[in-house]
Amino acid sequence: MSKKYLTTAIPYVNGTPHLGHAIDYLLADVYSRYESALGNEVKFQTGTDEHGNKIFEKAKSANLPVEEYTKTNSDLFRDFIKKLGVSPTDFIRTTDAAHKHRVQLIWQRLEQHIYAKDYEGWYCNGCENFITEKEYADNNGVCPDHQTPYIKLSEKNYYLKISDFKPKIKAAIESDELKILPEFRKHEVLKLLADSPDVSISRPKKNLSWGIEVPGDPSQVIYVWLDALSNYITILGYPETEHSPEFTDFWPAAVQFVGKDILRFHAIIWPAILLALNLPLPRVLHSHGHVLLNGAKMSKSLGNTIDPLEVLEKYGLPAFRYYFLRHIDTFADSDFTWEKYDAAYNNELANDLGNLVQRLATLCSKNSVAPVSAPSFPEVVIENPDYSALMEKLEFSNAFDYVWEKVKSVNKKIDDEKPWSLIKTDPAAGVASLSSLVASLLEAAVLLSPFLPETSEKIIKIFTAEKIVAPEPLFPKALKA
RNA sequence: CGCGGGGUAGAGCAGCCUGGUAGCUCGUUUGGCUCAUAACCAAAAGGUCGUUAGUUCAAAUCUAACCCCCGCAACCA
């Protein structure tokens, strides 16, 4: 038995949960359930990122105290996680007093790698914000919201010397000591790393009031990356716990799940922070793709977003987990459409699996087949090395495909063995056949448990009950529109 | 020459590293079965593997050039 620490990105609470967050949670949840089922102790972190101007502004425009606004939104995420059937062990808020205090302690430990410098850039007085060169060019030097020209402004920032750690980070990534998945992202990151400048980790308080104060400089506030990234270790009680098992048992993290868009921060800034603290780097950074809607990128500005709760409601939780874990590729961008969702539910969950459970249970019930005991997860994993190999490689959608092959093979076997006619000519052989079919289905159900825990449990219950009885359909087929 | 990914049957994808009869899922058509949620099983049809040139006995697979799509480019998973 070993200890595993899994992390998910902490969402910025200036909006409601969307499908991308769901992916993050589901992937981590599958792996967490897999490791737990193997008997490992898993610490599974989640949380919310709550500082910064955007939040502050949102709260102001909603006419709410910022504490209340962040609390409300943070709760939305907590609730969302529960609705997804995801079971983390921890939930951190960057506004937690303990976190804030620890970030300041971390800052102090980083001090020899921090220096102050003036940042100069294009600034809009109306927005009270710096903008990027690209934005400047796109808007021809005039703020679209305020119709005023951008001005050159400089302000004091503290910088973290990424340059001190570049060679080490590079070596760690190249050697897979810090493994970046998928492989093609590794090349991307190495290239970015080479070009990466030192990174700004503070803002003047007058521009950013909602944040953690820089220790020893009340005029400055710690900027998002140091604040947010630190959550992965402050949740373990670092730095106070640095020599106690609470921390050392779990750090370095086994896997950190992030979206592809924030991989760079986790592969460059985060390792730099860790190295500066003399801490080991996480073993694996797992970066997933984005969910596309009808082939297009979802964005609030385009207005083509979809509410995950709406998707969740249509066919319930197992269908949601099924679609997003199997048909949304673990690493690449994948498409969501209602048509695909309907097809996956009807053809796969209802027809392949639901109907299989139904027909087999009916056959067993009619012929009084004795219940079969379910194998344990570790047993089944040993029997299915290809499955565990895919899980270990964190290729969850492929592992799910493997499980589905099992499910389909049971349907095939039923047709091959024809127990309904065998039972008439040779009842003993018929019952034996059914028992072995049930055993195969149970094996598939056990393999299914990290993905669809509820469904897996239901199936196991049906065939291990004192008396096998045909249940209500697991996935009632949706009426065709 | 900013970086990266991709272009293979109607759709979605695998195969490419380690050249040698082009494969999977869905959809379509036909047949089988009747235990089952009009579900299940089998078979068939359907592809100039983005374009061009090269290497080779042989290229989806290696090389080069080109065309097209899509992400990223410092703070939207």
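Each chain gets a letter, A, B and so on, in the order the sequences are listed, and its residues count up from 1. None of the values given here were measured: they were computed from a predicted structure.
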Nearest to side-chain heavy atoms of [X], which nucleotide of [options]:
X	options	answer
A:Asn351	B:C75, B:C26, B:C40	B:C40
A:Trp420	B:U34, B:A39, B:A36	B:U34
A:Lys477	B:C76, B:A39, B:G71	B:A39
A:Val291	B:A77, B:C35, B:U37	B:A77
A:Arg264	B:C72, B:C35, B:A77	B:C72
A:Asp415	B:U25, B:A77, B:G32	B:G32
A:Phe265	B:C35, B:C41, B:C75	B:C75
A:Asp261	B:C35, B:C41, B:C76	B:C76
A:Arg359	B:C75, B:C41, B:A36	B:A36
A:Ile262	B:C75, B:C35, B:A77	B:A77

Quick one: label [X] by what it contacts on the DNA or RNA (base, sugar-phosphate, nothing), any heavy atom closer than 4.0 Å.
X	answer
A:Arg326	nothing
A:Ala343	nothing
A:Phe257	nothing
A:His290	base
A:Ile23	nothing
A:Lys408	sugar-phosphate
A:Leu474	base
A:Trp225	base
A:Gly20	base

Decide if the gap between the ring center of [X] and the ring center of [Y] is smaller than 6.0 angstrom.
X	Y	result
A:Phe331	A:His286	yes
A:Phe336	A:Tyr323	yes
A:His21	A:Phe80	no
A:His266	A:Tyr232	yes

Can you list the steps and then say if A:Trp404 with A:Asp352 is a side-chain hydrogen bond (donor to acceptor under 3.5 Å, both in side chains)? CA-CA 9 Å; A:Trp404 218 255; A:Asp352 287 345; 3.1 Å; yes
Provide, to the nearest angstrom, the distance between the [atom1] atom belonging to [X] and the [atom2] atom belonging to [N].
X	N	atom1	atom2	result
A:Arg185	B:C70	CZ	P	17 Å
A:Asp49	B:A77	CG	P	9 Å
A:Asp416	B:A43	CG	P	11 Å
A:Leu192	B:C75	CG	C1'	14 Å
A:His327	B:C13	NE2	P	12 Å
A:Leu363	B:U34	CG	P	12 Å
A:His266	B:C75	NE2	P	16 Å

For the side chain of A:Asn355 and the base of B:A36, is some donor closer than 3.5 Å to an acceptor across the two? yes
Under the 3.5 Å rule, do the base of B:C75 and the side chain of A:Tyr223 count as making a donor-acceptor pair? yes
Is A:Asp416 salt-bridged to A:Lys412, going by a charged N under 4.0 Å from an acidic O?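 So A:Asp416 does not pair with A:Lys412 through a salt bridge.
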Electrostatic pair A:Lys314-A:Asp342, nearest N-O below 4.0 angstrom: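 Salt bridge flag = yes for A:Asp342 with A:Lys314.
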Separation between the [atom1] atoms of [N] and [M], rounded to whole Å:
N	M	atom1	answer
B:G12	B:U28	C1'	16 Å
B:G54	B:A14	P	30 Å
B:A74	B:A64	P	31 Å
B:G47	B:A38	P	35 Å
B:U52	B:C67	C1'	10 Å
B:A65	B:G5	P	16 Å
B:G6	B:U51	C1'	16 Å
B:U18	B:A44	P	34 Å

Hey, is the side chain of [X] poking within less than 4.0 Å of OP1 or OP2 on [N], counting only N and O atoms?
X	N	result
A:Lys340	B:A11	no
A:Asn347	B:G27	yes
A:Lys186	B:G5	no
A:His18	B:A77	yes
A:Lys54	B:C75	no
A:His288	B:A77	no

Looking at A:Trp210 and A:Ile55, what are the two nearest heavy atoms and their distance?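 That closest heavy-atom pairing would be NE1-CG2, 3.9 Å.
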Qualifying residue for ring pair (Phe, Tyr, Trp, His ring centres under 6.0 Å) with A:Tyr315, from A:Tyr322, A:Phe475, A:Trp338, A:Tyr341: A:Tyr341
Could you point out which residue of A:Tyr12, A:Phe265, A:Tyr158 forms a ring pair (Phe, Tyr, Trp, His ring centres under 6.0 Å) with A:Trp225?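 Result for ring pair (Phe, Tyr, Trp, His ring centres under 6.0 Å) with A:Trp225: A:Phe265.
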Earlier contact from the 5' end, RNA chain B, for A:Asn411 and A:Leu353: A:Leu353
Could you check A:Lys418 against A:Asp195 and say which one's nearest nucleotide on RNA chain B is further toward the 5' end?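 Whichever sits nearer the 5' end wins; that is A:Lys418.
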Is it the case that the side chain of A:Thr464 and the backbone of A:Ile460 share a donor-acceptor pair, with hydrogens and angles ignored and the cut-off at 3.5 Å? yes
Verify the distance criterion only: is there a donor paired with an acceptor across the side chains of A:Thr94 and A:His99 at less than 3.5 Å?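 There is no such pair between these side chains.
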Give me the stems containing RNA chain B, sorted by first residue, counting only three or more consecutive Watson-Crick or G-U pairs with both distances under 3.5 Å; say none if there aren't any.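 Only these stems qualify: B:2-7 with B:67-72, B:10-13 with B:23-26, B:28-32 with B:40-44, B:50-54 with B:62-66.
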